[in-house]
Amino acid sequence: MSSETTGASYASAGVDIEAGDRAVELMKEWVKKTRRPEVLGGIGGFAGLFDASALKRYERPLLASATDGVGTKVDIARRLGVYDTIGHDLVAMVMDDIVVCGAEPLFMTDYICVGKVHPERVAAIVKGIAEGCVLAGCALVGGETAEHPGLLGPDDFDVAGAGTGVVEADRLLGPDRIRSGDVVIAMASSGLHSNGYSLVRHVLLERAGLALESEVAELGRTLGEELLEPTKIYSLDCLALTRTTEVHAFSHITGGGLAANLGRVIPDGLYATVDRSTWTPGAIFDLVGRTGDVERLELEKTLNMGVGMMAVVPAESAEAALTTLADRGVEAWVAGTIAERGEQESAAGLVGDYAV
């Protein structure tokens, strides 16, 4: 009689617990790099711990939270076998939403879903997340890696994250602070960031049949390198602005484009005009538009068009704000103004300049 086990097991169903444990060991060194003094313990427990007594210095602390993923940009990483940059995108999408209200990023957790656990691959993803957390000034306090055989292919994966920040109640930024006469400062994006990749992939890869490994002269590098350019993380730059000058609001330019996202912070009775002539979008935006014969309005509704973050500041604060950003290596410029809305502006659209 055979002594071999013939019954079903987790391993036979496609889940490799040992590989998951190996991935955790590999990622520990990267998680340590994100540690803040308020973090208790290390990874491996059931929950990440953050010492909330650090918030006692606030008069009325408001916690800000956000969650996001990176969309179909993960498909580009998978195709190229490059996994250590996608984490930057994840941190940017979460923490730059949090800093918009003036909140300091505190900590983040991640969720990585894979068809099959490849320990080194998972560790590379976490490495990117940890590096992004350092750039955002937050701690990576925990996460989850889930193996979904049968639902995802062996090389398929997706990432998501959630973050928490804190802001003093009387320093909360947003529409209530914006006034007529304010100016809009644009901060350059590092490229496409992590939005609109369904359109980009459809146009460049499916319709045009371009190879990710192909050199594109106007980009000055391969298409894959351009598409995997990490999303710029503005968190610490925005916080520096709030410390050095008066800021009324920020707008993180993500899905929906510049007009829709800037419009989210413009209060009733006011409107923003943004002058397109103040900047030239990077070559990738023209490549997508030209190759796919995509209408300008559709591009602007989908992509950031070269602007990743916007700040609304009093006119007298604009010079100081630009100086602060320049000192931090952030390309920025005055791109528009805030004015009172009249009948002619109530129906303004994206014709000529942006009006929101």
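On a predicted model such as this, the values are computed, not experimentally measured, just so you know.
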| task | Determine yes or no for a side-chain-to-main-chain donor-acceptor pair under 3.5 angstrom, with Ser214 supplying the side chain and Leu210 the backbone. | result |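 No; judged by distance alone, with no hydrogens or angles, the pair does not exist.
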| request: Would you check if the side chain of Arg57 reaches a backbone N or O of Ala54 as a donor-acceptor pair within less than 3.5 Å? | output: yes
Which heavy-atom pair separates [X] from [Y] by the least distance, and what is that distance?
| X | Y | answer |
| --- | --- | --- |
| Ala272 | Leu262 | CB-CD2, 3.9 Å |
| Ser180 | Ala339 | OG-CA, 3.7 Å |
| Pro314 | Val183 | O-CG2, 4.3 Å |
| Thr67 | Gly161 | OG1-O, 2.8 Å |
| Ala103 | Val167 | CA-CB, 3.7 Å |
| Met309 | Ile253 | N-CG1, 4.1 Å |

| said: Can a side-chain donor-acceptor contact be found between Asn261 and Ser251 if the only test is distance below 3.5 angstrom? | reply: no
| Under 3.5 Å, is there a donor-acceptor pair between the Thr337 and Thr273 side chains? |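 Side chains of Thr337 and Thr273: no pair found under 3.5 Å.
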| Ion pair check, Glu218 and Arg290, cut-off under 4.0 Å | yes
| Do Met187 and Met310 pass the side chain to side chain contact (heavy atoms under 4.5 Å, CB included) test, and can you show the C-alpha distance, the side-chain angles, and the key distance before you say yes or no? | CA-CA 6 Å; Met187 301 178 218; Met310 292 190 128; over 6 Å; no
| request: Let me see the working for Arg78 and Asp156 under salt bridge (charged side-chain N to carboxylate O under 4.0 Å, His left out), right down to the final yes or no. | output: CA-CA 7 Å; Arg78 179 189 62 80; Asp156 292 338; 3.7 Å; yes
| task | For Leu63 and Leu55, run side chain to side chain contact (heavy atoms under 4.5 Å, CB included): C-alpha distance rounded to whole Å, both residues' side-chain angles, the deciding distance at 0.1 Å, then the answer. | result | CA-CA 10 Å; Leu63 294 180; Leu55 306 184; 4.0 Å; yes
Supply the atom-to-atom distance [X] [atom1] to [Y] [atom2], rounded to the nearest 0.5 angstrom.
| X | Y | atom1 | atom2 | result |
| --- | --- | --- | --- | --- |
| Leu152 | Asp158 | CG | CG | 8.0 Å |
| Ile125 | Lys127 | CD1 | NZ | 12.0 Å |
| His88 | Ser190 | NE2 | OG | 11.0 Å |
| Thr85 | Leu90 | OG1 | CG | 11.5 Å |

Side-chain donor/acceptor pairs under 3.5 Å, residues 225-236, sequence neighbours excluded:
residue: Glu225; atom: OE1; partner: Thr222; partner atom: N; Å: 3.1
residue: Glu225; atom: OE1; partner: Thr222; partner atom: OG1; Å: 3.3
residue: Glu226; atom: OE1; partner: Arg221; partner atom: NE; Å: 3.0
residue: Glu226; atom: OE1; partner: Arg221; partner atom: NH2; Å: 3.0
residue: Glu229; atom: OE1; partner: Arg221; partner atom: NH1; Å: 2.9
residue: Glu229; atom: OE1; partner: Arg221; partner atom: NH2; Å: 3.1
residue: Thr231; atom: OG1; partner: Asp89; partner atom: OD1; Å: 2.6
residue: Thr231; atom: OG1; partner: Ser194; partner atom: OG; Å: 2.9
residue: Tyr234; atom: OH; partner: Ala188; partner atom: O; Å: 2.7
residue: Ser235; atom: OG; partner: Asp96; partner atom: OD1; Å: 2.8

| request: Not counting sequence neighbours, which residues clear salt bridge (charged side-chain N to carboxylate O under 4.0 Å, His left out) with Arg179? List them please. | output: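 Partners of Arg179 under the salt bridge (charged side-chain N to carboxylate O under 4.0 Å, His left out) test: none.
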| said: Please enumerate all residues that pass salt bridge (charged side-chain N to carboxylate O under 4.0 Å, His left out) together with Glu168, with sequence neighbours excluded. | reply: none
| Verdict with reasoning, Phe157 to Val159, per side chain to side chain contact (heavy atoms under 4.5 Å, CB included) | CA-CA 7 Å; Phe157 75 99; Val159 296; 4.1 Å; yes
| said: Show, in sequence, the C-alpha distance, side-chain angles and deciding distance for His248 and Glu246, and conclude whether the side-chain hydrogen bond (donor to acceptor under 3.5 Å, both in side chains) test is met. | reply: CA-CA 7 Å; His248 288 166; Glu246 184 176 355; 2.8 Å; yes
| Given side chains that start at C-beta, do those of Asp97 and Asp68 come closer than 4.5 Å, heavy atoms only? | yes
